[in-house]
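A short write-up of the structure that comes next.
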2 protein chains.
Amino acid sequence: MEAAVPGARGAVTAAGRRATIKDVAEAADVSRSTASRALTGRGYVAPAVRERVRRAAQTLGYVPDAMARNLRQQVSRSIGVLVSDLRNSFYADLASGVSSQSRRRGYAMMLADDAGSVEAELEAAETFVALRVAGVILTPLSAEVTEYLGRHRIPVIEVDRQFAEGVCDAVVVDNKAAAERVTASLLQQGHRRVALLIDEMDWTTGRDRLVGYRSAFLAAGLPLDDALVVRGGWDVGAATAVARELLGGPERPTAVFAANNVLAEGVWRAAQALGLRVPEDVSLVSFDDAPWMTMVSPGVTAVAQDAVALGEAAVAQMFDRIQSPESPKRTVMLSAAVAERGSTAPPAGA
Amino acid sequence: MEAAVPGARGAVTAAGRRATIKDVAEAADVSRSTASRALTGRGYVAPAVRERVRRAAQTLGYVPDAMARNLRQQVSRSIGVLVSDLRNSFYADLASGVSSQSRRRGYAMMLADDAGSVEAELEAAETFVALRVAGVILTPLSAEVTEYLGRHRIPVIEVDRQFAEGVCDAVVVDNKAAAERVTASLLQQGHRRVALLIDEMDWTTGRDRLVGYRSAFLAAGLPLDDALVVRGGWDVGAATAVARELLGGPERPTAVFAANNVLAEGVWRAAQALGLRVPEDVSLVSFDDAPWMTMVSPGVTAVAQDAVALGEAAVAQMFDRIQSPESPKRTVMLSAAVAERGSTAPPAGA
DNA sequence: ACGCGCCCTGGGATCGATTCCAGATCGAGC
DNA sequence: GCTCGATCTGGAATCGATCCCAGGGCGCGT
């Protein structure tokens with residue numbers, strides 16, 4: 001174990017403690033107040049003294065205690081991020097976008113994932129409150145969490161999905177337009193039995209995707225068949241099982257629109273397992289891009305939400321909100337591109 | 001905007017401030033000390049008083065300020081995690097494993113990603129020091145960062161890779177054994193021109209994978225050809241370009257061992273672009289599994305490092321270290337399974 | 001010479017929670 | 001009745017940094 005040599009580029013005082021501003025002040029032979037002013041740059045300090053303090057801090061390897069600073073200033077320079085599942089690339093990309101932007105602004109990121117559990121979500125929210133984060137960016141699971149954080153006067157930005165519009169700042173993609181676009185494109189190719197595989201209809205994500213799907217039928221003057229709207233479950237296993245049922249049945253749809261990447265994976269696996277070729281036997285479109293969709297052949301046509309951009313936009317909106325706490329709530333809607341890749345074709349009979 | 005009704009399940013006092021322990025104490029008609037003891041459970045408090053304080057806290061929506069608590073107690077209940085790139089599923093899984101385990105122990109996770117930049121890495125480390133995290137789990141980019149954190153007496157666990165063994169706690173996979181195993185399996189299938197596509201040889205990851213690759217040749221009594229060891233670059237674009245060069249050349253290898261998932265993606269894309277079939281024209285094995293490898297056909301045979309388990313093990317080791325700061329440094333080595341999927345076959349001539 | 005304003009510094013309060021310590025109360029044992 | 005110990009409570013110090021404020025020194029204008 002190396003000895004802590006004071007004076008060397010060490011990080012601790014001789015006693016083995018971490019250096020505090022008091023140590024710096026003593027080393028520079030000034031008061032704590034002056035040392036603080038010299039280092040933060042707020043208030044008068046003679047240039048020579050400032051330099052002396054700076055050097056002392058450097059020598060001691062002084063790093064100000066963020067706890068103490070935040071406690072005194074009653075603000076923190078970290079933001080909370082709460083997503084559903086880091087192992088899903090959508091959320092990981094989202095977190096990545098948030099991370100880069102918040103670092104750029106000098107903020108640290110506290111990241112938590114509820115594993116789809118409302119309880120874990122609330123627990124994480126409480127941790128954020130305890131840590132007095134400057135704001136929280138989350139993909140909400142329950143309506144409670146937003147309300148809870150709001151009660152504690154913590155700015156909240158909902159990303160990807162909302163329960164209701166206008167009650168909370170949010171950054172979402174234009175689910176309806178994108179869903180309508182890809183559905184219309186399938187209908188135009190001649191498909192009539194287009195199934196929608198979806199997981200939930202409680203959030204704006206699910207609702208709007210369903211609405212978009214339906215309005216494409218209406219716009220084309222085609223009848224809706226509710227039997228073609230199928231609930232897919234929350235994980236790949238469940239999605240695969242449901243998709244097998246759907247594709248293995250007697251009245252097999254000629255195209256499937258999967259409402260997210262997990263469901264799309266289920267459809268893909270089910271098609272493989274059943275020996276169905278894509279797109280010859282069944283066309284597939286996914287809402288939500290994923291790395292594997294560009295690796296398989298044919299590639300899977302997908303609504304490519306830019307999750308990184310979503311995260312970045314959320315950070316931007318968070319800082320807007322911090323700057324003007326009283327301005328009306330705003331929902332930012334990003335449009336999503338459709339990445340055409342070849343997993344769709346006119347139905348066999350056409 | 002809803003009014004903050006004190007007495008309701010509100011989160012703020014009438015003045016709009018956040019409730020502090022002083023508010024709780026006054027509401028329960030006790031001193032701050034007693035309130036603190038009642039809520040933390042340390043020290044004597046009459047049962048009736050404890051209950052009164054608890055209810056007051058509940059009513060006020062009191063959440064203790066972690067800053068103040070940590071400052072007083074000189075410990076924090078959060079750990080820092082520093083990975084290279086959240087958008088890479090390996091790191092995302094790692095973070096996910098850390099997240100679940102640290103939450104289980106009541107710790108919050110501060111997550112940062114250096115985007116492959118040593119500067120960003122050190123900056124993040126400084127943030128962790130400032131926040132007085134209980135420990136840091138990282139995939140090191142530079143040797144400096146570990147040393148820096150060590151100087152500040154912060155426990156560090158290196159994950160996935162190390163510069164040198166024994167100087168720092170670490171959790172790694174048995175790179176050499178796994179690399180040797182898959183290489184040997186290719187050799188046994190009859191391959192002789194087995195290329196190794198690798199990005200770096202400065203860390204134990206790269207070094208050991210190279211060593212494993214080589215020792216498989218030696219064990220089989222086959223000659224090594226250094227021209228078959230190719231540097232692949234850091235992103236998919238670069239990897240693809242290098243792989244195209246490799247597979248498009250005159251002396252095309254019959255099998256490629258890609259040293260990580262990014263490189264494997266490059267090889268896969270290059271093979272597609274060149275119209276080469278896997279495994280008929282070229283066999284492919286990857287070190288490091290990725291979701292797409294199970295989606296393509298044939299699936300890509302890969303050394304399946306369990307990144308989630310890696311993260312979980314790192315957390316476990318971190319708490320061991322916190323409990324016994326003086327015990328000797330330890331490197332935990334996890335073995336990696338090989339997921340056989342069909343991307344290998346005997347070479348065409350065989 | 002005096003007053004005014006500017007530059008600069010240090011003392012001390014402050015943020016919110018924990019914790020040490022002194023003191024109060026009460027019941028039991030002798 | 002007195003002591004002793006256990007139980008319980010509140011006052012005050014403490015963690016590390018910031019920042020208000022008082023005050024000293026100095027230059028300058030009159």
Side-chain angles (χ1 to χ4, degrees), chain A residues 11-13 15 17-54 56-57 60-77 127 129-134 152-153, chain B residues 11-13 15 17-53 56-57 60-77 129-134 152-153:
Chain A
V12 291
T13 60
R17 273 182 310 104
R18 237 189 293 252
T20 71
I21 198 161
K22 192 166 164 246
D23 300 315
V24 174
E26 280 168 11
D29 199 30
V30 293
S31 71
R32 299 202 324 274
S33 324
T34 303
S36 173
R37 279 194 308 269
L39 295 174
T40 59
R42 274 186 283 271
Y44 288 117
V45 186
V49 175
R50 155 162 303 145
E51 193 46 40
R52 209 166 73 228
V53 173
R54 287 234 172 103
L60 293 172
Y62 171 69
V63 179
D65 186 324
M67 303 285 178
R69 166 179 294 175
N70 293 341
L71 176 60
R72 180 60 175 83
Q73 298 185 328
Q74 294 290 79
V75 292
S76 92
R77 289 182 77 77
T127 303
V129 171
L131 289 164
R132 307 295 191 246
V133 295
H152 281 275
R153 301 274 185 279
Chain B
V12 290
T13 60
R17 272 182 310 104
R18 239 189 293 252
T20 71
I21 199 163
K22 193 168 162 242
D23 300 316
V24 175
E26 280 168 9
D29 200 30
V30 294
S31 70
R32 300 202 321 272
S33 331
T34 303
S36 173
R37 280 194 307 270
L39 295 174
T40 59
R42 275 187 283 271
Y44 287 118
V45 186
V49 175
R50 156 164 300 146
E51 193 46 40
R52 211 165 72 227
V53 173
L60 293 171
Y62 171 69
V63 180
D65 187 322
M67 303 286 178
R69 166 178 294 174
N70 293 340
L71 176 60
R72 181 60 174 81
Q73 298 184 329
Q74 294 290 79
V75 293
S76 92
R77 289 182 76 78
V129 172
L131 289 165
R132 307 293 190 248
V133 295
H152 281 275
R153 302 274 184 279

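Within every chain, numbering begins at 1; the chains are lettered A, B, ... in the order of the sequence lines, protein sequences first and strands thereafter.
The distance from atom CG of B:D29 to atom C1' of D:dG10 is 12 Å, rounded to the nearest whole Å. Across the protein-nucleic acid pair, A:K22 atom NZ and C:dG11 atom C1' stand 15 Å apart, rounded to whole Å. Regarding B:N70, its CG atom lies at a distance of 10 Å from the P atom of C:dT18, rounded to whole Å.
Both B:A46 and A:L39 lie near DNA chain D, and the one whose nearest nucleotide falls closer to the 5' end is B:A46. Remark on DNA chain C: of its neighbouring residues A:Y44 and A:V30, the 5'-side contact belongs to A:Y44, judged by nearest-heavy-atom nucleotide.
The backbone N or O of A:Y44 sits less than 3.5 Å from a side-chain atom of A:R37, completing a donor-acceptor pair. Here the side chain of B:R18 pairs a donor or acceptor atom with the backbone of A:H152 at under 3.5 angstrom.
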Give each protein N/O atom lying under 3.5 Å from an N/O atom of nucleotides 26-28 of chain C, with the pair distance.
none

Considering only nitrogen or oxygen atoms on both sides, find all protein atoms under 3.5 Å from nucleotides 12-16 of chain D and state each distance.
from   : atom 1 : to    : atom 2 : distance (Å)
D:dA12 : N6     : B:S33 : OG     : 3.4
D:dT14 : O2     : B:R72 : NE     : 2.6
D:dC15 : O3'    : B:Q74 : NE2    : 3.2
D:dC15 : O2     : B:R72 : N      : 3.4
D:dG16 : OP1    : B:Q74 : NE2    : 2.9
D:dG16 : N2     : A:A68 : O      : 3.3

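Taking OG1 of B:T20 as the start and CG of B:D65 as the end, the distance is 9.5 Å to the nearest 0.5 Å. Atom CE of B:M67 and atom CZ of A:R72 lie 15.0 Å apart (nearest 0.5 Å). Here CG of B:L71 is found 13.0 Å from CZ of A:R69. Values are rounded to the nearest 0.5 Å.
Screening A:S36, A:S33, A:P64 against A:I21 for a side chain to side chain contact (heavy atoms under 4.5 Å, CB included) leaves a single residue, A:S36.
In the helix from C:dA1-D:dT30 to C:dC30-D:dG1, the rotation axis of the first five pairs and that of the last five pairs differ in direction by 60°, rounded to 10 degrees.
Listed pair A:R42 / D:dT18 fails the phosphate criterion, with no side-chain N or O lying under 4.0 Å from OP1 or OP2.
In terms of heavy atoms, A:A27 sits closest to A:A56 at CB-CB, 4.0 Å.
Using a 4.0 Å heavy-atom cutoff across all strands shown, B:R37 reaches at least one base atom of the nucleic acid.
The nucleotide whose nearest atom lies closest to any side-chain atom of B:P47 is, among D:dC19, D:dC8, D:dG10, D:dC8.
Between A:R132 and A:N70, every side-chain heavy-atom pair lies at or beyond the 4.5 Å cut-off. The shortest side-chain heavy-atom distance between A:R52 and A:V30 falls under the 4.5 Å cut-off.
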*Take B:V53 and B:R50 through the test side-chain contact (heavy atoms from CB on, under 4.5 Å) and record every step on the way to the result.*
CA-CA 5 Å; B:V53 173; B:R50 156 164 300 146; 5.9 Å; no
